[in-house]
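Down below is the structure, laid out as structure tokens.
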Amino acid sequence: RDHGAAPAPGLTQDSTQGPLPVRSADGEAPWQVYARPFDRNDARPRVGLVIGGLGFSETATKAAIDLPGAVTLAFSPYAPELGRWIGLARQAGHEVMIELPMEPDGYPRNDAGPAALLTTLEPARNRERLQWTLSRVTGYVGVKPLMGDRFMRSPQHLRPVLDELQERGVMMVVQEASDTDVGAALAREIGVPRATARLTVDAVATPQAIDQRLNALESLARREGKALAVADAWPVTLERVANWIRTIESRGVAFAPATALAVAPGLAPDGGAAPPAVSGPASAPAASSSATPAPAADAHAPGGAAHGGGH
């Protein structure tokens with residue numbers, strides 16, 4: 001379970017918004033230092049799952065933390081007790097991510113909240129919002145888009161964001177819309193450490209549909225060697241995922257954290273090249289959390305309700 005205390009020495013930079021992740025002087029990256037250990041020589045097919053929308057519902061967040069530690073947990077930057085939740089998740093052996101709010105299709109009717117990156121904002125304003133999200137807490141391996149369909153299709157707006165993630169050594173989960181997806185292609189070009197989510201487990205949130213998607217994920221991993229999916233913290237999702245994970249290892253598949261499915265410059269295509277070993281109990285000290293309020297909404301960004309994922 002040991003995946004490094006947070007914040008690890010040399011991996012944060014002070015800012016007016018709070019502590020920002022940085023690569024250490026000797027090149028260690030937060031996405032590797034805070035990763036859950038995984039045996040990268042394991043030859044079995046790998047499946048991974050990132051569950052998002054966490055930090056608002058106490059019941060859902062506790063239930064997600066109670067899942068096996070190899071499930072990667074993604075928390076909303078708007079969650080009121082973010083530092084506490086991330087500390088508990090890491091103590092339980094999970095690697096964690098922060099959701100990065102970005103402009104969705106149908107904005108402003110659909111709204112990712114007051115810190116959302118928008119195609120109508122100057123790069124400096126989007127950078128301020130990005131840094132607000134990144135400075136909420138320490139100990140996370142990367143970011144997972146919160147909404148963001150429109151923003152992810154705009155290379156000129158996305159490029160500075162991906163540049164900063166790459167420079168800071170933070171990974172990103174990119175969702176595969178198609179092979180020509182702008183965001184995934186740009187992340188590859190820039191060299192952002194990234195893991196590609198091939199499907200959404202609970203796009204239809206019924207037990208039967210979720211079971212079918214989990215089986216599809218497993219089949220995909222057997223076919224291609226590895227497969228990552230994303231899901232939201234609906235009660236039915238958590239219940240079906242818990243049931244599925246119970247027997248997956250007996251079927252010859254390795255359940256892996258998102259970092260073990262990531263690709264990055266210098267890593268073998270299967271995500272080889274083990275991350276550097278890190279000492280120090282994962283349980284101490286608890287992740288710090290910054291209390292800076294979200295960037296003020298402006299004319300381009302009417303402050304919508306903070307995203308709670310509907311739970």
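Between Lys144 and Leu100 the shortest side-chain heavy-atom distance does not fall below 4.5 Å. Annotation: side chain of Val253 is not in contact with side chain of Arg44 (no heavy-atom distance under 4.5 Å). Between Leu121 and Glu103 the shortest side-chain heavy-atom distance does not fall below 4.5 Å. Counting heavy atoms from C-beta outward, Val173 and Met97 have side chains that approach closer than 4.5 Å. A heavy-atom distance below 4.5 Å is found between the side chains of Asp163 and Ile190. For the pair Arg46 and Leu228, the minimum side-chain heavy-atom distance is 4.5 Å or more. A heavy-atom distance below 4.5 Å is found between the side chains of Leu134 and Leu165. In this structure, Thr133 and Pro101 have side chains that are in contact, with non-hydrogen atoms separated by less than 4.5 Å.
Val22 is linked by a side chain to side chain contact (heavy atoms under 4.5 Å, CB included) to Gln13, Arg168, counting only residues two or more places apart in sequence or in another chain. In this structure, the side chain to side chain contact (heavy atoms under 4.5 Å, CB included) partners of Ala227, at least two apart in sequence or on a different chain, are Leu217, Leu220, Ala221.
Checking side-chain atoms of Arg213 against main-chain N and O of Thr200 turns up a donor-acceptor pair under 3.5 Å. Under the 3.5 Å distance criterion, the side-chain polar atoms of Arg90 are matched with a main-chain donor or acceptor of Gly139. Within the 3.5 Å criterion, the main-chain N or O of Ala115 finds a donor-acceptor partner in the side chain of Tyr78. For Thr72 (side chain) and Ala258 (main-chain N/O), a donor-acceptor pair under 3.5 Å exists by modelled atom type. No donor-acceptor pair closer than 3.5 Å links the side chain of His94 to the backbone N or O of Ala89. The closest donor-acceptor contact from the side chain of Ser135 to the backbone of Trp132 lies under 3.5 Å. Counting only distance, with no hydrogens or angles, the side chain of Asn110 and the backbone of Asp105 share a donor-acceptor pair below 3.5 Å. The backbone N or O of Thr196 lies less than 3.5 Å from no partner atom in the side chain of Gln175, so there is not a single donor-acceptor pair. Using modelled atom types, one side-chain atom of Asp39 and one backbone atom of Asn41 make a donor-acceptor pair closer than 3.5 Å. A donor-acceptor pair is defined here as one N or O able to donate and one able to accept, closer than 3.5 Å; no such pair exists between the side chain of Ser15 and the backbone of Pro19.
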Check against side-chain contact (heavy atoms from CB on, under 4.5 Å), Val71 and Ile245: CA-CA 9 Å; Val71 178; Ile245 288 178; 3.5 Å; yes
Stepwise, does the side-chain contact (heavy atoms from CB on, under 4.5 Å) test hold for Val96 with Val141? CA-CA 6 Å; Val96 297; Val141 296; over 6 Å; no
Under the side chain to side chain donor-acceptor pair (under 3.5 Å) rule, what do Thr259 and Glu95 come out as? Steps first, then yes or no, please. CA-CA 8 Å; Thr259 50; Glu95 63 183 29; 2.7 Å; yes
Assess whether side-chain contact (heavy atoms from CB on, under 4.5 Å) is satisfied between Leu118 and Phe151, documenting all intermediate values. CA-CA 7 Å; Leu118 302 175; Phe151 196 88; 5.6 Å; no
Show, in sequence, the C-alpha distance, side-chain angles and deciding distance for Glu128 and Gln17, and conclude whether the side chain to side chain donor-acceptor pair (under 3.5 Å) test is met. CA-CA 9 Å; Glu128 180 186 310; Gln17 311 228 47; 5.4 Å; no
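Using cut-offs of 30° and 60° on the angle between ring planes, the pair Phe255 and Trp244 is perpendicular.
Salt-bridge check for Glu239 with Arg246: failed, with every basic side-chain N at 4.0 Å or more from each acidic carboxylate O. For Arg240 and Asp202, the salt-bridge test fails: no basic side-chain N is under 4.0 Å from an acidic carboxylate O. Salt bridge annotation for Glu189-Arg159: present, with a cationic side-chain nitrogen under 4.0 angstrom from a carboxylate oxygen. The pair Arg127-Glu122 does not count as a salt bridge, with every side-chain nitrogen at least 4.0 angstrom from each carboxylate oxygen.
Contact detail for Pro21 and Pro30: the closest heavy-atom pair is CB-CG, 4.0 Å. Closest of all the heavy-atom pairs between Tyr34 and Pro7 is OH-CA, 3.4 Å. Considering all non-hydrogen atoms of both residues, Gly69 and Arg36 come closest at O-CD, 3.4 Å. In plain terms, the two heavy atoms of Pro155 and Leu186 that are nearest each other are O-CD2, 3.8 Å.
Ring to ring, Trp85 and Phe56 are not that close: their centroids are 6.0 angstrom or more apart.
The environment of Gln156 atom CD is dense: over 12 non-hydrogen atoms of other residues, nucleotides or ligands sit within 6.0 angstrom. Around atom CZ of Arg109, no more than 12 heavy atoms belonging to other residues, nucleotides or ligands sit under 6.0 Å away.
Legend: salt bridge (Lys or Arg N to Asp or Glu O under 4.0 Å) pairs involving residues 14-26, not counting sequence neighbours: none detected.
Between the side chains of Arg251 and Thr247, at least one donor N or O sits under 3.5 Å from an acceptor N or O.
Once rounded to the nearest 0.5 Å, the distance linking CD1 of Ile86 with OG1 of Thr138 reads 8.0 Å.
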